[in-house]
Amino acid sequence: MKMPGTFEEQTKCIVDTLLSDFLNPTLQVSNRTVRSEDEPDSGEPCSFDVAIIAGRLRMLGDQFNGELEASVRSVIAETTQKKAEAVLKDTVKSLSTTWCAQDSSLAYERAFLAVSVKLLECVAHMAPEIATWVAIPVINMINGSSAIRQFIQGQGGWVSMSGPLAFLGI
C-alpha cells in the first residue's frame, strides 16, 4: 500500500482526519489507512495509518485542555473576518511559548502540535461551520514551519511509530 508521498500530503491527510473526527464524533470508520488511487497496492505493508496518528495527536491535545477557550473565541471571531491564519499563528505561538516557559521539560514542537490540534478541536465544537476554514491554516502552519517539519522528520516522519508521536509520549 502506498502512503501519501510528501510530508505536505501526509499532514493534510492527518488534519483532514482530525477535522472529520471533531465534526462527526460518532462516525465510526473501520479503516482509515490511506491508499493512493494513482498507484496500485504493491502488497508491501504501509505504516501510515492516519487514524492512529490522528488519535495520538488528539491525546496530545487533550493534555493541554485548559486556557484555550478565550483563544478559540478570538480565532473564531477573526475567521469570520478572514484573518484566521495570522490570529491562529499568533495564538499557537503565544500559548506554546507560555506553556514551555511554565514547564521547562516541554519541547516547543510538542506544545505547538498540541495547541494546534486542540484549537482545531475547540473550533470544530464551538463553530463547526468555520472549522474547515481553520484547518487550512493549521496545515499551512505545520507544513510551513521548518522547525516543526524538522522535528517531525527528525523523528522518522509521520509514519514512524518511533517517530514524533512516540517521542511525544503518545
**Request:** For Ala135, check side chain to side chain contact (heavy atoms under 4.5 Å, CB included) against everything at least two apart and list the hits.
**Result:** Val15, Leu19, Leu120
**Message:** Run Ile142 and Ile14 through side-chain contact (heavy atoms from CB on, under 4.5 Å) and show every step you take.
**Reply:** CA-CA 11 Å; Ile142 293 170; Ile14 293 163; over 6 Å; no
**Item:** Between CG on residue Asp103 and CZ on residue Arg110, distance to nearest 0.5 Å
**Value:** 8.5 Å
**Fill in**
Closest heavy-atom pair, Tyr108 versus Ser96, reported as atoms and distance to 0.1 Å, is CE1-CB, 3.4 Å
**Asked** When rounded to the nearest 0.5 angstrom, what is the spacing between CD in Glu121 and CG in Leu23?
**Response** 10.5 Å
**Asked** What's the spacing between Met141 CE and Lys93 NZ if we round to 0.5 Å?
**Response** 12.0 Å
**Complete:** For Ala147 and Glu109, the nearest pair of non-hydrogen atoms, with its separation, is O-CG, 4.1 Å
**Prompt:** Can you list the residues that meet the salt bridge (Lys or Arg N to Asp or Glu O under 4.0 Å) rule with Glu129, with sequence neighbours excluded?
**Reply:** none
**Message:** Quick check for you: to the nearest 0.5 Å, what is the distance between Ile139 atom CD1 and Cys13 atom SG?
**Reply:** 9.0 Å
**Qualifying side-chain hydrogen bond (donor to acceptor under 3.5 Å, both in side chains) pairs, either residue in residues 141-152, two or more places apart** = Glu8-Arg149, Thr11-Asn143
**Prompt:** In chain order, what residues pass the side chain to side chain contact (heavy atoms under 4.5 Å, CB included) check against Val117, with sequence neighbours excluded?
**Reply:** Leu18, Phe22, Leu57
**Complete:** Value for CD1 (Ile148) from CZ (Phe112), rounded to nearest 0.5 Å, stands at 4.5 Å
**Request:** Could you note down all residue pairs passing salt bridge (Lys or Arg N to Asp or Glu O under 4.0 Å) where residues 137-147 supplies at least one of them, sequence neighbours left out?
**Result:** none
**Request:** Flag yes if Trp133 and Leu119 sit in one hydrophobic cluster, no otherwise; membership is Ile, Leu, Val, Met, Phe, Trp, Tyr, and two members link when side-chain heavy atoms are under 4.5 Å apart.
**Result:** yes
**Item:** With Asp16 via side-chain hydrogen bond (donor to acceptor under 3.5 Å, both in side chains) - residues at least two apart
**Value:** Lys12
**Asked** Between Leu88 and Val138, does a side-chain contact (heavy atoms from CB on, under 4.5 Å) hold up when you go through it step by step?
**Response** CA-CA 8 Å; Leu88 193 60; Val138 169; 3.6 Å; yes
**Prompt:** Looking at Ala131 and Val123, what are the two nearest heavy atoms and their distance?
**Reply:** CA-CG1, 3.9 Å
